[in-house]
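In what follows, every chain begins at residue 1, and chains take the letters A, B, ... in the order their sequences are listed.
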Amino acid sequence: MNEPKEEKSLNFIESMIEEDIRNKKHNGDVYTRFPPEPNGYLHIGHAKSICLNFGLAQKYKGKCNLRFDDTNPEKEEEEYVKSILEDVKWLGFDWEGEPKYASDYFDQLYEWAEKLIKKGKAYIDELSADEIAKQKGSPTQAGQNSPFRERSAEENLKLFREMKEGKYKEGEKILRAKIDMSSPNMHMRDPIMYRVLHKSHHRTGDKWCIYPMYDFTHGQSDYIEGITHSICTLEFEVHRPLYDWFLDQFIETNYRPGQTEFARLNMSYTVMSKRKLLELVEEKLVIGWDDPRMPTISGLRRRGYTPESIRNFSDKIGVAKRDNVIDVALLEHSVKEDLNKKAPRVMAVLDPIKVILKNYPEGKTEEIETINNPEDESMGSRTLPFSREIYIERNDFMEDPPNKYFRLAPGREVRLKSAYIIKCEEVIKNEKGEIEELICSYDPETRSGSGSTRKVKGTLHWVSAAHAINAEVRLYDRLFNDEDPGGKKEQDFKDFLNPDSLEILTGAKFEPSLNTVKPFENLQFQRLGYFCVDPDSTEDKLVFNRTVPLRDTWGKRHK
RNA sequence: UGUCCGAUGGUGUAAUUGGCAACACAUCUGAUUUUGGUUCAGAAGAGUCCAGGUUCGAGCCCUGGUCGGACAACCA
């Protein structure tokens, strides 16, 4: 029998939607959209919005559009469009129909602008940007009307058409909505609708030299697409009256999209603004947008995060209206949880020290069977070569171990995972006193699976020296040392960059089965952590990225 | 001297007629374990920003404060 699933409580947006459905608002339909500006790569904060918007559509059997908010040709590029398409798809979501573009609506928007002019609700201003800012007032002080505010509709129309035809330089003239220069809401003080921009647009080319502003575009785009629930982040809250005001000017039907705002995601030890991320990329402080230390979707992908882990994360953080800072540990937990079920376990020794089994026959090789994932029997097993000389992790041996150290030490025994129990007989050092190799003996009666019942405290991972393959390993740590690098007024966020956020290992040794792995494959290096194959890997040089280390209750106590 | 929004363990989110403040992460124990992983069992941690009010009963309703955030780009 199926246990009734525990009813998960609704977030405030779901509650609103369910109420709309009960009230038959929008005929009970749910139509959302994810509207990025193609001016940068998507990050984990966008993932929250993507999961929210597409998730809501799935949950309520509605639809969700992907719409590029591409009204500013100055910052937007095709490269970003491509990456956004890829990232949304990779996260596992599919938009309704073709991707949409606000620029597809430029003709309609222009028509609406003319309509507003004719109604006497928009005018051409000739003040400079500085002058406009000055007469706009301040949050606590009313603004003043522009001297150009009372032009006739005919003159405004003529000038607007001339703007469109390219008769004016950038900044010379703009189109403003005529609302209320003394509104307590700054956004209602005659907001700019269109500006002159002699820039080529990544989609419309040189067709236009005037471009609509966000506020004059977004609500109408929602309206054109039939969006019912327009969900955005909190900073647009004060734009909502304007969103509604523009719709009021054109809407003749009962249908009207509504804007709802939620708190954007903030995460500890990273920055989440496109401007700052762009800065890191441009100043080459990271390798690129997809640097595994970046909070971008492409960075997380390259780091080894799975789409499912990001969706689960998004689920866990919830949706609300208060400012929040999510502990990066929750993101890491989400990926460990997913990879624990999925990632095959393999043997990898990152910092090797050689062990010689003095009583093991020279030249002999055994094939040792080992299970691929104890969490999932269906993942089967594989064999590992075992021979007289093997590598173990350097920190799995201590000459003078502390209490409760269960690993190898002089005279002590440990099990080699899936193989034999060995005992450390002798420590070989070089002239500098550094440990070179360990001479051990093995107990042939203790082979795994042979029915041996002898127990030892520690089990170590290992790799047969003669069969080992080499690869580069990149270990990542948080990009910033400060919990809130972007939140300091007086200090640049880059001052908090962690100089040790990347460590490259070149001497690591791996079991031979790893020679067939492909980029982005997830693995668990036994006892170490989850790793994935970096796309930098070539036929003769593998590169692994550490996604996240395994929980280490011993290491934590013995720092 | 404005408008809008918010305030619940360390963090995030719940508490849906006003009825024992719950879940997850993080932290700490213990058990199991051929991964010091996983799993399991358990502990600790908030009395809900403050002051009043309504009520048998308030995190929730009312009033007044306090604190925090957003808003003055020809950005989105």
message: Please pick, from B:rG2, B:rU27, B:rU35, the nucleotide with the shortest atom-to-atom distance to any side-chain atom of A:Pro139.
response: B:rG2
task: Scan A:Arg415 against the nucleic acid and name what it touches under 4.0 Å (heavy atoms): base, sugar-phosphate only, or nothing.
output: base
message: Strictly below 4.0 Å, N to O, side chains only: are A:Arg203 and A:Asp104 in salt-bridge contact?
response: yes
- prompt: Quick one: which of B:rG36, B:rC74, B:rA72 gets closest to the side chain of A:Ile174?
  reply: B:rC74
field: Ring-base stacking, A:Trp554 with B:rG36 (5.5 Å, 30° cut-offs)
entry: yes
field: Of the listed nucleotides B:rU1, B:rA73, B:rA14, the one nearest the side chain of A:Lys75
entry: B:rA73
- request: Please tell me which of the listed nucleotides, B:rU13, B:rA24, B:rA73, lies nearest to the side chain of A:Asn324?
  value: B:rU13
- request: Just call it for A:Glu237: base, sugar-phosphate, or nothing, with non-hydrogen atoms closer than 4.0 Å on any strand.
  value: sugar-phosphate
- request: Look at all strands and tell whether A:Arg189 reaches a base, only sugar-phosphate, or nothing, counting heavy atoms closer than 4.0 Å.
  value: nothing
- prompt: With no hydrogens and no angle check, do the side chains of A:Glu393 and A:His461 hold a donor and an acceptor under 3.5 Å apart?
  reply: yes
message: For the C1' atoms, the ones on B:rA26 and on B:rA44, what distance do you get once it is rounded to whole angstrom?
response: 13 Å
- prompt: If you look at every strand shown and take non-hydrogen atoms under 4.0 Å, does A:Ser418 touch a base, only sugar-phosphate, or nothing?
  reply: base
- request: Classify the side-chain pair A:Asn185/A:Ser183 by whether it contains a donor and acceptor separated by less than 3.5 Å.
  value: no
- prompt: Which part of the nucleic acid does A:His239 contact within heavy-atom distance under 4.0 Å: base, sugar-phosphate only, or nothing?
  reply: base
- line: Taking B:rU16, B:rG36, B:rU35 as options, the one with an atom nearest any side-chain atom of A:Arg557 is B:rG36
